[in-house]
Amino acid sequence: MTRRPVDTGDPERLYTVTGGRCRADDDSLDLVTLIVTQCEPSHGMQSEHVRILELCRAPTAVVEISAELRLPVTVVRILLCDLLVTGRVTARHPPVGRFRGSLPDTDLLKEVLDGLRNL
């Protein structure tokens, strides 16, 4: 199996798409944050913004948007921040503390790992 580089985009194109920005304004957009469109695309919008609005008519994870657009996640986060600021999309963040109590004990995981190594 041949591995390809993760970021195969043309650097000049990515620079243009983001308007020269290299970081998103909102650090809370993780890979599983769901994005939902709040309005239809308008005339004159950047093509990537239009595509995001079309993709997110149903809740769509940031990582899925990145895959569909074939853009690095960092670029997608910048584009999403643009849309969030203007109210064109909303972000639904995953619950943080809901599953913490149901995670396995660290000692149990270490024992399982040791057992697997002994196989």
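Worth saying up front: this structure is predicted, and the values here are computed from it rather than measured. Residues take their numbers from the sequence shown, with the count starting at 1.
Grouping the Ile, Leu, Val, Met, Phe, Trp and Tyr side chains by contacts below 4.5 angstrom, directly or via other members, places L83 with V50. Cluster annotation: L53 is not connected to L34 through the hydrophobic network of ILVMFWY side chains, with a link wherever side-chain heavy atoms come within less than 4.5 Å.
Contact of the L69 side chain with the R51 side chain is registered, since non-hydrogen atoms from C-beta on lie closer than 4.5 Å. Taking 4.5 Å as the limit, every side-chain heavy atom of I52 sits out of range of all side-chain heavy atoms of T37.
Considering all non-hydrogen atoms of both residues, L84 and A91 come closest at CD2-N, 3.8 Å. Scanning both residues, P72 and S66, for their nearest heavy atoms gives C-OG, 3.7 Å.
The side-chain contact (heavy atoms from CB on, under 4.5 Å) test applied to S42 returns M45, R88, not counting sequence neighbours. For Q38, the side-chain hydrogen bond (donor to acceptor under 3.5 Å, both in side chains) partners at least two apart in sequence or on another chain are T90. The side-chain contact (heavy atoms from CB on, under 4.5 Å) test applied to L116 returns V112, L119, not counting sequence neighbours. Checked against salt bridge (charged side-chain N to carboxylate O under 4.0 Å, His left out), D107 has no partners two or more places apart in sequence or in another chain.
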> Checking side chain to side chain contact (heavy atoms under 4.5 Å, CB included) for the pair L31/R77: CA distance, chi angles, key distance, verdict?
Replying inline: CA-CA 9 Å; L31 296 177; R77 284 182 178 148; 4.0 Å; yes
Counting only pairs under 3.5 Å, give me each side-chain donor-acceptor contact of residues 56-65, with atom names and distances, residues two or more places apart or in other chains.
residue: R57; atom: NH2; partner: E40; partner atom: OE1; Å: 3.1
residue: T60; atom: OG1; partner: L55; partner atom: O; Å: 3.1
residue: T60; atom: OG1; partner: A58; partner atom: O; Å: 2.8
residue: E64; atom: OE2; partner: A61; partner atom: N; Å: 3.4

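Note that the CD atom of E48 and the CG atom of L80 stand 12.0 Å from one another [nearest 0.5 Å]. Annotation: the span from H49 atom NE2 to L79 atom CG amounts to 4.5 Å, rounded to 0.5 Å.
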